[in-house]
Amino acid sequence: MSSSSLSTTEQLQSFGERHVTKGIGRVAPGVMKKAEGSYVEYMDGKRMLDFTCGIGVTNLGHSHPKVSKAAAEQCMQLVHGQCSISFHEPYLRLISKLLPIMPHPSLDSFFFWNSGSEAVEAALKMARATTGRQNVICMQGGYHGRTFGAMAVTRSKTGYSEGFHPLMPGVFVTPYPFWHQLGLPPSTSPHDLTQTALNQLHLLLQQQTSPADTAAIIIEPVLGEGGYVPAPKEFLVGLREVCDEHGILLIVDEVQSGFGRTGAWWAIEGEGEDGRGVVRPDILVMAKGLANGFPLSGVVSRKEVTDKLRPGSMGGTYAGNAVSCAAACAVIDAMEEERVLENVKERSKHLLTSLHALKSDPALAPYILDVRGRGLMVAVEFASPPQGWDPVYQSQNQRDTGKQIPKGLASRVAKRCIEKGMLLLTTSVYEVVRFIPALNIGQGEMESGVRVFEESLREVVRGWEREGGGEGGGK
């Protein structure tokens, strides 16, 4: 089929289904044509409210004029300045803008790459090379990417690694302080979750990977694909103490939670008493919102660590692309000029208050297990039993609701939201939908999104109950 014959949505959709690898999944049909702010337009004319942000990427909304202008101007100056040839100006200007907003002043040595997965790969290489140790501890439920090393430390679901084994060796898994993973009731306090999880980590270091063999512990301060679960401050402090005691590097993956997503520049920020992040990362990984849609990621550490690296051990053809770096500089300027972090806090209050109100509604309460998150990284977990293999979950559901909850409620609600004109994603092996709107979303757009979600949830629940499912006729 020639390109001239690809003139309709149907033709393009069919062409894509035939020629784009099956390994890429999609949640919504259609072909995107244009996007601006919080809306995406499709070739068939439909306009969708976007509560996915390209999975947490377009934090300033689609096609932000300041960012697009900076990228366009850079395209007329220098498009590709390969990092192993010479410095280029946007790369260095970006570092100068990032230094003041780092969560800890010790983070002063930078390397830019293209994607979050690549940045995780670089962090793992850095940890092994600078400590002389091989093993890495990751979190149960964590997600770090789909390239080989990143895939090995990804434990949010098996779908990302199924069929690709053997994975990178030297990886050990410890529980995240999440009640699901620890077999504890949802009401368990953050302190008890932390103590149980840290106990498992200490056992891991005694039984499976000696501290002397352990290069790093890698963690998302807010689980992403694992269900949008913020780590308690006490747990992060405990990790820092373990790392300091044994000379282990703490890798903090802020690919999704960073760059204002949680209401601060970094989710790890403010977790310490000085407000600058006493829970100090040894290596910080960033991507997604860094350049608002232009491919760019970063790895930041201390110069005393990175000075141990051999020149040439890091790099990549497109690493730190000039256009992407120029866009990232504009992102930081826009975040500050438009007071975006303040907007995140205001819109977060609205979103969380609205979702908690739904959770308290007698008609919906049996179906909603949890509302959680920070900033505009928010999740609703439904009470559907995940595959029927979580006894704590099931007993809690039966005890508290007395209702039969439908399977796959998260997918049903997300699908209905899409049908009603809003893009919304599920996440994790549990029944969770996640809200990732633009950080500069307006009050009206937030109200629209909440309204679509509420309508979708009520319609799905009413449909289920009309079929007799709500009183025990499970389907």
Side-chain angles (χ1 to χ4, degrees), residues 103-104 106-107 116-117 119-145 149-156 167-178 181-182 193-226 229-258 266-268 271-272 277-286 299-302 305-306:
H104 196 275
S106 65
L107 297 171
S117 292
V120 169
E121 299 280 349
L124 297 175
K125 286 173 60 178
M126 188 182 298
R128 283 180 163 181
T130 59
T131 63
R133 306 172 184 177
Q134 176 178 336
N135 294 347
V136 176
I137 296 173
C138 63
M139 298 290 148
Q140 186 177 358
Y143 176 87
H144 302 286
M151 182 171 57
V153 293
T154 288
R155 300 303 167 105
S156 57
L167 303 179
M168 182 183 78
V171 175
F172 297 83
V173 185
T174 194
Y176 194 87
F178 183 25
Q181 297 176 11
L182 298 170
L193 291 172
T194 292
Q195 292 304 307
T196 304
L198 287 177
N199 178 59
Q200 291 298 311
L201 174 60
H202 286 293
L203 285 174
L204 182 71
L205 290 168
Q206 294 177 59
Q207 296 175 330
Q208 298 187 52
T209 173
S210 166
D213 293 325
T214 305
I217 297 174
I218 184 168
I219 185 173
E220 298 168 282
V222 182
L223 280 186
E225 290 287 327
V229 185
K233 169 187 172 182
E234 185 182 358
F235 182 71
L236 297 171
V237 171
L239 289 184
R240 181 70 269 171
E241 291 172 350
V242 168
C243 289
D244 287 342
E245 180 182 356
H246 298 295
I248 297 169
L249 297 183
L250 180 60
I251 302 173
V252 175
D253 182 341
E254 293 257 19
V255 167
Q256 186 166 177
S257 61
W266 314 100
I268 199 78
E271 292 294 349
V278 166
V279 186
R280 170 182 54 83
D282 293 298
I283 302 173
L284 178 73
V285 179
M286 67 181 98
V299 186
V300 195
S301 187
R302 305 189 305 276
V305 173
T306 60

Is Ile219 close to Leu250 at the side-chain level, that is, under 4.5 Å between some pair of heavy atoms?
yes
Minimum heavy-atom distance between Pro281 and Val252, given as atom pair plus value
CB-CG2, 3.6 Å
Quick one, Met286 and Trp266 - any side-chain contact, counting heavy atoms below 4.5 Å?
yes
Taking every heavy atom of Ala216 against every heavy atom of Ala127, the minimum-distance pair comes out as CB-CB, 3.8 Å
Is Leu205 close to Val242 at the side-chain level, that is, under 4.5 Å between some pair of heavy atoms?
yes
Show, in sequence, the C-alpha distance, side-chain angles and deciding distance for Arg240 and Leu236, and conclude whether the side-chain contact (heavy atoms from CB on, under 4.5 Å) test is met.
CA-CA 6 Å; Arg240 181 70 269 171; Leu236 297 171; over 6 Å; no
Provide the full list of side-chain hydrogen bond (donor to acceptor under 3.5 Å, both in side chains) pairs with a residue in residues 204-217, sequence neighbours left out, each pair given once.
Asn135-Thr209, Thr209-Thr214
Is there a side-chain contact between Gln181 and Leu223, using heavy atoms and a 4.5 Å cut-off?
yes
Run the side chain to side chain donor-acceptor pair (under 3.5 Å) test against Tyr143 and tell me which residues pass, sequence neighbours left out.
Arg146
Test Thr174 against Met139 for side-chain contact (heavy atoms from CB on, under 4.5 Å), laying out the working first.
CA-CA 5 Å; Thr174 194; Met139 298 290 148; 3.6 Å; yes
Hits for side chain to side chain donor-acceptor pair (under 3.5 Å) against Glu225, two or more places apart or cross-chain, chain-then-number order -> Tyr160, Arg434
Restricting to pairs with a member in residues 246-255, which pass side-chain hydrogen bond (donor to acceptor under 3.5 Å, both in side chains), not counting sequence neighbours?
His144-Asp253, Glu254-Ser257
Looking at CD1 of Ile251 and CE of Met126, how far apart are the two atoms once the value is rounded to the nearest 0.5 Å?
8.5 Å
Would you check if the side chain of Arg155 reaches a backbone N or O of Ala152 as a donor-acceptor pair within less than 3.5 Å?
yes
Considering non-hydrogen atoms only, spot the tightest contact between Ala122 and Val299 and give its length.
CB-CG2, 3.9 Å
Could you tell me if the side chain of Leu201 sits less than 4.5 Å from the side chain of Ile217, heavy atoms only?
yes
What closest approach, in Å, do Leu182 and Pro175 show between heavy atoms, and which atom pair accounts for it?
CD2-CB, 3.6 Å
Counterpart residues, salt bridge (Lys or Arg N to Asp or Glu O under 4.0 Å), relative to Arg302 (two or more places apart):
Asp282, Glu304
Shortest non-hydrogen pair, Ser301 vs Thr306, comes out as CB-CG2, 3.8 Å
Suppose we screen for ring pair (Phe, Tyr, Trp, His ring centres under 6.0 Å). Which residues come up paired with Phe235, at least two apart in sequence or across chains?
none
Do Arg128 and Gln134 have side-chain heavy atoms sitting under 4.5 Å apart?
yes
Give a yes or no answer on whether the side chain of Tyr176 reaches the backbone of Gly226 with a donor-acceptor pair at less than 3.5 Å.
no
Side-chain touch Met151/Met168, heavy atoms, less than 4.5 angstrom
no
To the nearest 0.5 Å, how far apart are OG1 in Thr194 and NZ in Lys233?
11.5 Å
Student check: side-chain heavy atoms of Leu204 and Gln200 closer than 4.5 Å
no
